[in-house]
Amino acid sequence: MPKQVDHAERRRLIAGAVCRLADEHGLEGVTLRDVAARAEVSMGAVQRCFRTKEEMLAFTLGQIGERVTARARARLVESPAQSARTALGHAAEETALLREEDRAEARVWLAFVAQAAVSPALAQTLRADYARLQEAFTGLVREALADSGHPEPPDPRRTARTLLALADGLTTHVLVGHLTPDEAYEVLHAHLAGLWEAPPGSAE
């Protein structure tokens, strides 16, 4: 009887091979032939899963975004009693990919971001990833502001958008060595602390 192939699992296996090659050589080093060899499948198997290289890359980028979002959600589930402020900080940390064990994923993420500037398909996937993260941040900001009693609460969506941009930028600054991970954490948490402070001259 022919062996049944789990199509979804094979796509994820191929995406993992893409990530490893991109980490080692950048996206310019990702070819269908090399991906097949790294995933230990045939070229035909890769082509049955993905019609084009761009489709394969878009799927892989989506997988990276889903992993980052899943880790952020997992931290919230692990500590359900934490405040919305703490939860927001954890989500921002996960998004920034500042830990040593996240460094390879951060390199691959930035390689995809650069390629998305000239690839409409990747740009579309990236926008969807950012939109999901922004919605999650917006909900947490809204909860944290409600708990803070801030006399002049900022707009939650704009606040979330700014925080997401900061976390994303810190990924780059750490990768190129402009900031250490500890310095990046300090920048991130200083920004978060400032969100809950009343502006000068506000009523007590």
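Everything numeric in this text was worked out from a predicted model, so none of it was measured.
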Looking at [atom1] of [X] and [atom2] of [Y], how far apart are the two atoms once the value is rounded to the nearest 0.5 Å?
X    : Y    : atom1 : atom2 : value
M43  : R33  : CE    : CZ    : 5.0 Å
R71  : E94  : CZ    : CD    : 5.5 Å
T125 : E54  : OG1   : CD    : 9.0 Å
F112 : L57  : CZ    : CG    : 5.0 Å
L97  : R107 : CG    : CZ    : 11.5 Å
L145 : R85  : CG    : CZ    : 9.0 Å

**Asked** ring pair (Phe, Tyr, Trp, His ring centres under 6.0 Å) with H178: which residues, sequence neighbours excluded?
**Response** H173
With a 4.5 Å heavy-atom cut-off, do [X] and [Y] have their side chains touching?
X    : Y    : result
L98  : E93  : no
R157 : Q134 : yes
E183 : T180 : yes
H191 : L188 : no
R38  : I14  : no

**Message:** Using the side-chain contact (heavy atoms from CB on, under 4.5 Å) definition, which of the options V41, T60, V30 pairs with V35?
**Reply:** V30
Do other residues, nucleotides or ligands put more than 12 heavy atoms under 6.0 Å from the [atom1] atom of [X]?
X    : atom1 : value
E186 : CD    : no
E40  : CD    : no
E24  : CD    : yes

**Message:** On a heavy-atom basis, which atom in V141 and which in P156 lie closest, and how many Å separate them?
**Reply:** CG1-CA, 3.8 Å
**Prompt:** Are E100 and R103 close enough for a salt bridge, meaning some N to O gap below 4.0 Å?
**Reply:** yes
**Asked** Are any of the side-chain nitrogens in R99 or D102 under 4.0 Å away from the carboxylate oxygens of its partner?
**Response** yes
**Request:** Not counting sequence neighbours, which residues clear side-chain contact (heavy atoms from CB on, under 4.5 Å) with L133? List them please.
**Result:** T69, T95, L164
**Item:** Residues T31 and D34: side-chain donor-acceptor under 3.5 angstrom
**Value:** yes
**Prompt:** Have T162 and T159 got a donor and an acceptor in their side chains that come within less than 3.5 Å?
**Reply:** no
